[in-house]
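Accompanying notes for the structure given below.
Every value quoted in this text rests on a predicted model; they were computed, and no experiment measured them.
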Amino acid sequence: QTLQALWDIQQTLHPFPFEVNSYDAVAYALGSRDAFDALNDIDFSSAHRNTALVYMALGHLYAHGRPESGVNLLQEMRFDVDLRQEVARVLWQYAGLSLQEQQDCIDNFEEYAQARVDRPDIIDDEDENEDEEESGDDEIEVNEIELSRICNCQGHSARIHCLAWSPDATRLVSGSEDTTACVWQARTGKMLLSFQLHQESVNAVAWSPRGDLIASAGNDNSIYIWNANTGALSATCSGHTSWLVNLTWSPDGTRLASASLDKTVRIWDAFSGREQMILSGHAGIVYSVAWSPDGAHILSGGGYPEGLIMLWNSTTGRRELVYDGHGPDIRKERLVPADADAWLEEWIRAASSVHHLAWSSDSKRIASAGLRNVCHIWNAASGADLITTNRTSGPISWSPGGITLLSLQDDPRVVEVWDARTNVVTMKYHMNSPERLTTFAVSSNGNYLAANAGELLQVWRIPKQFV
């Protein structure tokens, strides 16, 4: 059951909250207990099943007396012929695999090992080619801007997962693995308060449009709504049966929507905490949720195995539209490197979970981004796919004017600004951060950008001429 759960989560949550391949460790542990039948009921692709079987064989060997070499398992399998032969023997003895099936397992494992080294989720050459084709013969000038850091916000003791600005752009709230949500003075980095009711990691925070309340949620399956000035608890929302990963307020600040690993979106009364509606329809984990600025609709983004975006009427709860661009790439529209083998192509064309959703300020367009750098801009009313690109896996955010989008790029310390009409990069914000950035948020006035670097929160100023 644990292996199944981790496999489902891996398809959906990269890079949060687990490392990318945590199911490998579970397969290794199961092999050390000779539980080779554990894979029978799991919907692995053939390449991933083969890879998991090799991890199980390795777990068996080390549990039964093979001495530890001190070398990374991936490297050891690639260069140690004797180890490969021992793995093949275990696969025959415990999994009943033929010689060809044994070799297929080892080949897939070695392809997987190389892919881990090369990080195939970043396809730089293809991105560059796409930009060249779209820009035509004329060179598009890209402004490279080194942002000025205003302050560091220090106080969390574990990685920050989420952050949000106050409506007036004077404060920030951050949620962390350390089980706290902290409010900061954005100009000085001073911690104003620490909310400490959560029992596990805080995965989502959202500041109410009125500015008086903050909602936080996480791995304890609970949503707390609390006073943004004092930290006093205002309401508790209970009902989800698994971890919460995203929150969004209604524009009038009276309701809250939440997304969870339990495959549902739930709508809550923000003052009483009472559950008003359950939006069910996703076949897998619901990873993202966003309320339209006009208040009429709610978007939800699904994970493996569907990768669908659903549009719901926020009053009736009726599903009105489905946007299908993150699902399996049956039409083979995604860019694949020319030298990609079958394993890598299968990985790129698999369903892409929808990690991030963002409405334009006029509620007419939607931006979505997810695993494998699958990114789309949609016509909200018709569902037409206006732009398909492999520019980013997120996070993604509209600029205040609704003309450009900001997204975190492959370079972990650069945020790109690109035209939502042409998919052409016009600006790059560089941040001299001590660690790679994994999430960011732009203030409502567009003057400030906040980003996390591990457990550190940093605030940067965007020059006015570029807002």
Side-chain angles (χ1 to χ4, degrees), residues 15-16 143 145 147 160-169 171-175 186 204-207 209 245-249 251 259 287-293 298-299 301 309 354-370 373-378 380 386-387 389 391-431 433 436-453 457-463 466-467:
F16 159 89
N143 288 304
I145 304 165
L147 295 188
I160 295 170
H161 280 319
C162 49
L163 56 100
W165 282 92
S166 62
D168 63 2
R171 290 174 291 169
L172 283 157
V173 60
S174 57
V205 291
W207 211 302
V245 290
N246 207 213
L247 296 169
T248 182
W249 285 88
Y287 190 74
S288 50
V289 63
W291 213 304
S292 64
I298 296 170
L299 281 174
I309 301 169
V354 185
H355 291 174
H356 305 279
L357 290 167
W359 287 90
S360 62
S361 57
D362 59 5
S363 299
K364 293 182 178 180
R365 288 170 297 162
I366 299 160
S368 62
N373 282 7
V374 177
C375 180
H376 295 267
I377 299 177
W378 310 86
L386 304 177
I387 288 180
T389 177
R391 183 168 301 288
T392 183
S393 60
I396 193 166
S397 174
W398 288 91
S399 62
I403 296 174
T404 57
L405 282 156
L406 293 85
S407 58
L408 196 61
Q409 295 310 115
D410 297 335
D411 183 326
R413 295 171 180 82
V414 174
V415 169
E416 281 189 350
V417 182
W418 47 287
D419 194 307
R421 301 160 298 184
T422 63
N423 190 27
V424 172
V425 175
T426 58
M427 235 172 297
K428 289 185 178 183
Y429 296 147
H430 294 261
M431 288 159 284
S433 176
R436 64 180 295 124
L437 308 175
T438 56
T439 189
F440 75 91
V442 179
S443 62
S444 58
N445 57 16
N447 293 331
Y448 307 103
L449 187 152
N452 80 305
L457 177 61
Q458 297 181 300
V459 184
W460 309 82
R461 187 187 307 278
I462 300 174
F466 299 115
V467 173

Self-check item: Parallel, tilted or perpendicular: rings of His355 and Tyr287 (30°, 60°)
Solution: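 Ring orientation of Tyr287 relative to His355: tilted.
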Identify the heavy atoms of [X] and [Y] that sit nearest to each other, and give their distance.
| X | Y | result |
| --- | --- | --- |
| Leu163 | Ala441 | CD1-CB, 3.1 Å |
| Ala420 | Ile387 | O-CD1, 3.1 Å |
| Asn445 | Ala169 | ND2-CB, 3.8 Å |
| Ala186 | Leu172 | CB-CD1, 4.5 Å |
| Arg461 | Leu147 | O-CD2, 3.5 Å |
| Leu437 | Leu408 | O-CD2, 3.2 Å |

Check whether any side-chain heavy atom of [X] sits under 4.5 Å from a side-chain heavy atom of [Y], and report yes or no.
| X | Y | answer |
| --- | --- | --- |
| Trp418 | Ile396 | yes |
| Ser363 | Pro293 | yes |
| Ser399 | Val417 | no |

Using only atom types and a distance under 3.5 Å, with no angle test, would you say the side chain of [X] pairs donor to acceptor with the backbone of [Y]?
| X | Y | answer |
| --- | --- | --- |
| Asn246 | Ala259 | no |
| Ser444 | Pro167 | yes |
| Arg365 | Ile377 | no |
| Trp398 | Ser361 | no |
| Asn452 | Thr439 | yes |

Self-check item: Donor on one side chain, acceptor on other, Thr392 and Glu416, under 3.5 Å
Solution: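 No, because no side-chain N or O of Thr392 sits under 3.5 Å from a partner of the opposite role on Glu416.
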Could you tell me the separation between the [atom1] atom of [X] and the [atom2] atom of [Y], rounded to the nearest 0.5 Å?
| X | Y | atom1 | atom2 | result |
| --- | --- | --- | --- | --- |
| Ser288 | Ile309 | OG | CD1 | 7.0 Å |
| Leu406 | Lys428 | CG | NZ | 13.5 Å |
| Thr248 | Ile298 | OG1 | CD1 | 8.0 Å |
| Tyr429 | Phe440 | OH | CZ | 10.5 Å |
| Tyr448 | Trp165 | OH | CH2 | 7.5 Å |
| Asp419 | Thr426 | CG | OG1 | 6.5 Å |

Practice problem: Could I get the full list of side-chain hydrogen bond (donor to acceptor under 3.5 Å, both in side chains) partners for Asp168, not counting sequence neighbours? | Solution: Ser166, Thr170
Practice problem: Determine, stepwise, if the pair Ile462 / Asn447 fulfils side chain to side chain contact (heavy atoms under 4.5 Å, CB included). | Solution: CA-CA 5 Å; Ile462 300 174; Asn447 293 331; 5.8 Å; no
Quiz prompt | Pair Trp207-Val205, side chain to side chain contact (heavy atoms under 4.5 Å, CB included): steps then yes or no | solution = CA-CA 7 Å; Trp207 211 302; Val205 291; over 6 Å; no
Quiz item: Which of these passes side-chain contact (heavy atoms from CB on, under 4.5 Å) with Ser368: Val354, Leu299, Val374?
Solution: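 Answer after filtering Val354, Leu299, Val374: Val354.
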Quiz item: What do the steps show when you test Leu449 against Met431 for side chain to side chain contact (heavy atoms under 4.5 Å, CB included), and what is the final call?
Solution: CA-CA 10 Å; Leu449 187 152; Met431 288 159 284; 3.6 Å; yes
Quiz item: Residues two or more places apart in sequence or in another chain: which of them pass ring-ring contact (aromatic ring centres under 6.0 Å, His included) with Trp291?
Solution: none
